[in-house]
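A quick write-up on the structure given underneath.
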There are 2 protein chains.
Amino acid sequence: MANKRQPKRRSGCPLNASVEMLGDRWSLLIIRDMMLLGSHTFKEFLASYEGIASNILADRLRRLEAYGIIRTEQDPADGRKLIYELAPKGIDLAPVLTEMVLWAGRHEKTENQALIRIMQKDKQKFIAEIRRRWAYETASSKSK
Amino acid sequence: MANKRQPKRRSGCPLNASVEMLGDRWSLLIIRDMMLLGSHTFKEFLASYEGIASNILADRLRRLEAYGIIRTEQDPADGRKLIYELAPKGIDLAPVLTEMVLWAGRHEKTENQALIRIMQKDKQKFIAEIRRRWAYETASSKSK
DNA sequence: CAAGTAGCTTGCAAAATGCAAGTGAAAATG
DNA sequence: CATTTTCACTTGCATTTTGCAAGCTACTTG
């Protein structure tokens with residue numbers, strides 16, 4: 001179920017591979033919620049401002065897991081809850097998200113100028129901090 | 001027609017803005033064709049390996065123009081042809097494309113390893129070269 | 001043990017996508 | 001200079017994806 005084989009790629013181009021995994025209206029927003037807001041549960045993703053429908057969310061989470069971008073664990077404290085977290089492949093999307101945010105910041109009127117300014121100031125540091133935070137979270141969730 | 005106002009954004013998040021403009025299965029591939037392959041015409045985009053349908057292509061080109069990412073000119077030498085080129089906003093997508101290519105290169109089996117190696121070797125140089133090439137192309141098309 | 005709550009699924013309508021076959025204007029060909 | 005080709009699309013229709021509202025089931029909480 002987690003490893004349903006994809007039918008096949010439209011082409012071998014690496015950009016096409018990225019687009020096939022991430023090129024829709026929701027996947028990157030889910031990853032943003034995990035990476036920047038620290039969301040971990042179905043309910044938190046559902047509550048995010050853009051308002052994804054629950055069936056679409058379930059589908060996207062399944063796909064992202066099948067691609068190895070996120071992974072799922074049972075919450076040891078609450079048997080109803082699943083904890084979604086970024087896999088290393090998902091954490092490696094930090095530079096992609098960063099560039100997309102910076103691009104929009106440069107060309108569109110958007111909110112969250114604070115985030116944009118932090119990214120502009122030192123992109124590498126920002127990405128390094130995301131990696132550090134996730135190294136910590138993964139370690140701590142394993143040690144529970 | 002080129003400036004049909006968007007209904008409204010789902011949210012003010014800069015990443016959401018990017019996703020609303022680029023988050024589909026074709027837009028970034030069209031930009032890739034312009035940026036990396038030097039495609040300029042409808043026919044060239046149609047011929048690209050992934051095989052976009054002509055009605056979808058027409059729609060994406062219209063949208064990308066409406067967003068200010070590409071622009072259109074008549075070919076002075078052939079009245080049937082339109083020349084599509086990247087606007088500055090489109091050229092500024094080079095870092096986004098680069099990171100997406102590098103991410104796929106790191107995590108998927110893809111072709112075009114040569115491109116990936118060039119990007120890995122010196123990302124900034126690669127992006128600078130795209131900018132330089134486009135500065136030249138725009139200048140030369142204007143001077144015709 | 002009744003009333004939530006979390007994470008889904010289901011059914012159905014609406015929108016987006018894809019395919020094949022046009023169309024009209026402008027070039028190239030004979 | 002009439003005919004064929006090329007180019008950038010459009011049209012009609014089937015298929016797929018998305019979105020909305022309403023369940024449903026296994027837990028947990030009071």
Side-chain angles (χ1 to χ4, degrees), chain A residues 1-2 4 6-11 16 19-30 33-34 38-67 70-85, chain B residues 1-2 4 6-11 16 19-30 33-34 38-67 70-85:
Chain A
M1 196 186 290
K4 191 199 218 171
Q6 300 306 121
K8 77 179 128 206
R9 294 245 174 86
R10 294 178 298 183
S11 83
N16 179 63
V19 164
E20 291 194 1
M21 288 185 273
L22 305 169
D24 71 87
R25 297 179 92 59
W26 294 110
S27 298
L28 285 169
L29 297 182
I30 293 170
D33 285 356
M34 301 182 84
S39 299
H40 286 294
T41 62
F42 195 92
K43 199 191 169 190
E44 286 174 303
F45 300 130
L46 257 194
S48 202
Y49 185 80
E50 289 90 359
I52 189 171
S54 59
N55 54 343
I56 307 296
L57 174 57
D59 178 71
R60 286 313 110 96
L61 289 170
R62 244 177 271 129
R63 289 189 50 190
L64 290 172
E65 192 181 5
Y67 286 132
I70 67 175
R71 61 161 87 103
T72 309
E73 282 178 34
Q74 281 281 345
D75 185 333
D78 185 338
R80 293 168 304 178
K81 281 191 186 165
L82 282 182
I83 297 174
Y84 291 96
E85 51 182 34
Chain B
M1 195 187 292
K4 194 199 219 169
Q6 299 306 120
K8 77 180 131 208
R9 294 247 173 82
R10 294 177 299 184
S11 83
N16 179 62
V19 164
E20 291 194 0
M21 288 185 273
L22 306 169
D24 70 88
R25 295 178 93 58
W26 295 108
S27 297
L28 285 169
L29 297 182
I30 294 169
D33 285 355
M34 301 182 84
S39 301
H40 286 294
T41 63
F42 196 92
K43 199 190 168 191
E44 286 174 305
F45 300 129
L46 257 194
S48 202
Y49 186 78
E50 289 90 357
I52 188 171
S54 59
N55 54 342
I56 307 296
L57 174 58
D59 178 72
R60 287 311 111 93
L61 290 169
R62 242 177 273 129
R63 290 189 49 189
L64 290 172
E65 192 180 5
Y67 286 132
I70 66 174
R71 61 160 87 104
T72 309
E73 282 178 35
Q74 280 281 345
D75 185 332
D78 186 336
R80 292 166 304 178
K81 280 191 188 166
L82 282 182
I83 297 173
Y84 292 95
E85 50 182 35

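Letters A, B, ... are given to chains in the order of the sequence lines, protein chains preceding strands, and every chain is numbered from 1.
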With a 4.0 Å cutoff (strictly under), does any side-chain N or O of B/K43 reach OP1 or OP2 of D/dC7?
yes
Return the value, rounded to whole Å, for the distance between atom NZ of A/K81 and atom C1' of D/dT25.
18 Å
What is the distance from CG of B/L64 to C1' of D/dC9, rounded to the nearest Å?
16 Å
In this structure, how many angstroms lie between the C1' atom of C/dG7 and the CD1 atom of A/I83, rounded?
14 Å
Quick check for you: among C/dG18, D/dT18, D/dC9, whose closest atom lies nearest to any side-chain atom of B/A58?
D/dC9
Tell me if a side-chain donor or acceptor on A/E50 pairs with a main-chain N or O of B/S11 at a distance below 3.5 Å.
no
Measure from the side-chain heavy atoms of B/A53 and tell me the nearest of D/dA22, C/dC19, D/dA8.
C/dC19
Phosphate oxygens OP1/OP2 of C/dG18: is one of them under 4.0 Å from a side-chain N or O of B/W26?
yes
In this structure, how many angstroms lie between the C1' atom of D/dT16 and the CZ atom of A/R63, rounded?
13 Å
Donor-acceptor pair, side chain of B/H40 and main chain of B/I83, under 3.5 angstrom
no
What integer distance in Å separates A/N55:CG from C/dA13:P?
15 Å
So, A/D24 and A/R60, do they make that salt bridge, N to O below 4.0 Å?
yes
Heavy-atom donor-acceptor pair, B/E20 side chain to B/N16 backbone, under 3.5 Å:
no
Under-4.0 Å salt bridge between B/E65 and B/R71
no
Upstream residue (5' side of DNA chain C) when B/G79 and B/D24 are each assigned their closest nucleotide:
B/D24
In whole angstrom, give the distance that lies between atom CD1 of A/I52 and atom P of C/dG7.
14 Å
If you assign each of B/F42 and A/R25 to its closest nucleotide in DNA chain D, which residue comes earlier from the 5' end?
B/F42
Could you give the CG-to-P distance, from A/L29 to D/dG19, as a whole number of Å?
11 Å
Rounded distance in Å - CG (B/D75) to C1' (D/dC7)
11 Å
Of the candidates D/dC9, D/dG19, C/dA27, the side chain of B/D78 sits closest to C/dA27
Closer than 4.0 Å, any side-chain N/O of A/R60 to the OP1 or OP2 of D/dT18?
yes
Counting distance alone, no hydrogens or angles: does the base of D/dT6 have a donor or acceptor under 3.5 Å from a partner atom on the side chain of B/R80?
yes
